[in-house]
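None of the values given here were measured: they were computed from a predicted structure. No hydrogens, no waters, no symmetry mates; every other heavy atom, side chains included, goes into these values.
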Amino acid sequence: MKTLAATPASHSLTHEIISGGSGLVLALFMWGHVVLVGSILTGERGFDWMATFLEDYYIAQPTVAVIFALFLVHAVFAARKVPAQLRERKRIIALAKGLSRSGREKVATRTEHSPFRPHVESMLWIWQVRTGMVMLVLGSFHLILLGLDVFTPLFGDIAGIESQTSMARVGAGLWLPYAILLLCVEFHASVGLYRLAIKWGADLWLSRSAMHLIEQIIFWTILVIGGLTLCVLAGWVDPPLAFLLEGGAS
């Protein structure tokens with residue numbers, strides 16, 4: 001009987017480890033991905049050099065396959081925490097509305113604000129669920145498109161990622177879904193790591209306010225780099241670091 005009673009708990013722990021571990025790897029990958037794509041900030045030459053290096057040494061091809069598989073695994077295990085029934089989702093929506101309004105209503109005397117304030121942890125979880133659902137759609141689209149670029153010459157003259165093809169696509173309209181994806185990914189990743197750190201006891205060494213600050217610094221740093229990269233890919237801004245490669249141009 002003891003063994004049977006312990007089984008659900010052990011399964012829950014296994015699911016938490018898989019969900020948290022896959023989320024950690026994906027978050028670290030996404031930050032690295034933003035930096036690598038940020039090579040466009042040095043111009044088309046720098047972007048093409050980086051893409052060619054990753055493809056010639058067979059780094060890009062297995063990485064795309066592994067990350068796509070890990071993305072699906074994380075989506076499956078993380079989805080266990082998302083309310084499946086319509087009634088439960090309506091309760092989550094009502095909770096979100098209540099939390100967003102709390103602290104602004106008046107108490108009975110109409111002279112003081114209610115002492116209740118929005119519960120930050122609950123709001124973070126609600127928005128993490130929302131951004132996760134957006135990521136499932138836009139992230140799958142991006143990974144499939146990236147896989148077609150890496151493995152086939154469908155969108156270019158050769159198989160592989162090219163700056164001209166990427167810039168043409170982003171400038172033609174993909175900047176909008178990519179901007180939404182960037183915002184959702186960075187929020188989801190930074191909040192996810194914050195909640196993962198608390199779950200595994202990091203608040204024994206750092207206060208939650210300190211971890212919130214770290215989370216916000218990471219979020220805004222990556223978001224600024226990613227936003228500037230997207231502007232360059234869309235052709236709205238000239239590469240600000242192009243001067244770094246001018247001396248090596250032929």
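Put simply, the side chain of Leu241 reaches to within 4.5 Å of the side chain of Leu244, judged on heavy atoms. Residues Glu162 and Met167 fail the side-chain proximity criterion, which asks for heavy atoms closer than 4.5 Å. Val34 places none of its side-chain heavy atoms less than 4.5 Å from the side chain of Phe29. Annotation: side chain of Leu245 is not in contact with side chain of Trp49 (no heavy-atom distance under 4.5 Å).
Remark: Leu213 CG to Arg208 CZ distance equals 16.0 Å, nearest 0.5 Å. Rounded to the nearest 0.5 Å, atoms CD1 (Ile67) and CG (Leu72) are 11.0 Å apart. Taking OG1 of Thr131 as the reference point, atom CE of Met133 lies at 8.5 Å (rounded to 0.5 Å). For the atom pair Leu41 CG and Cys231 SG, the distance stands at 10.0 Å (nearest 0.5 Å). Atom CD in Gln164 sits 5.5 Å away from atom CD in Glu44 (nearest 0.5 Å). The CG atom of Leu182 sits 8.5 Å away from the OG1 atom of Thr229 when rounded to the nearest 0.5 Å.
Heavy atoms from other residues, nucleotides or ligands lying under 6.0 Å from CD of Gln216 number more than 12. For Asp238, the CG atom is loosely surrounded, since the number of other residues' heavy atoms within 6.0 Å does not exceed 12.
The only member of Ile225, Leu223, Ile218 that meets side-chain contact (heavy atoms from CB on, under 4.5 Å) when paired with Thr221 is Ile225.
The backbone N or O of Gly160 sits nowhere less than 3.5 Å from a side-chain atom of Asp149 that would complete a donor-acceptor pair. In this structure, Glu55 contributes its side chain and Ile161 its backbone to a donor-acceptor pair below 3.5 Å. Between the side chain of Ser190 and the backbone N or O of Phe187 there is at least one donor-acceptor pair closer than 3.5 Å. In this structure, Ser39 contributes its side chain and Leu36 its backbone to a donor-acceptor pair below 3.5 Å.
In terms of hydrophobic clustering, with Ile, Leu, Val, Met, Phe, Trp and Tyr side chains grouped at heavy-atom distances under 4.5 Å, Val232 and Trp236 are assigned to a common cluster.
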Output, in order, the C-alpha distance, side-chain angles, deciding distance and verdict of side chain to side chain contact (heavy atoms under 4.5 Å, CB included) for Leu233 and Tyr178. CA-CA 11 Å; Leu233 284 171; Tyr178 279 170; over 6 Å; no
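Shown here for Leu193 and Ala27, the closest heavy-atom pair between the two residues is CD1-CB, 4.0 Å. Contact between Leu54 and Gln61 at its shortest, heavy atoms only, is O-OE1, 4.0 Å. When every heavy atom of Phe219 is checked against every heavy atom of Leu183, the shortest pair comes out as CZ-CD1, 4.0 Å. Contact detail for Ser19 and Ser22: the closest heavy-atom pair is O-OG, 3.0 Å. Heavy atoms only, all atoms of each residue included: Glu215 and Val191 are closest at OE2-CG2, 3.4 Å.
Between Phe71 and Phe68, the ring planes are parallel. Angles under 30° get that label, and only those over 60° would be called perpendicular.
A donor atom on one side chain and an acceptor atom on the other are found under 3.5 Å apart for Trp31 and Glu186.
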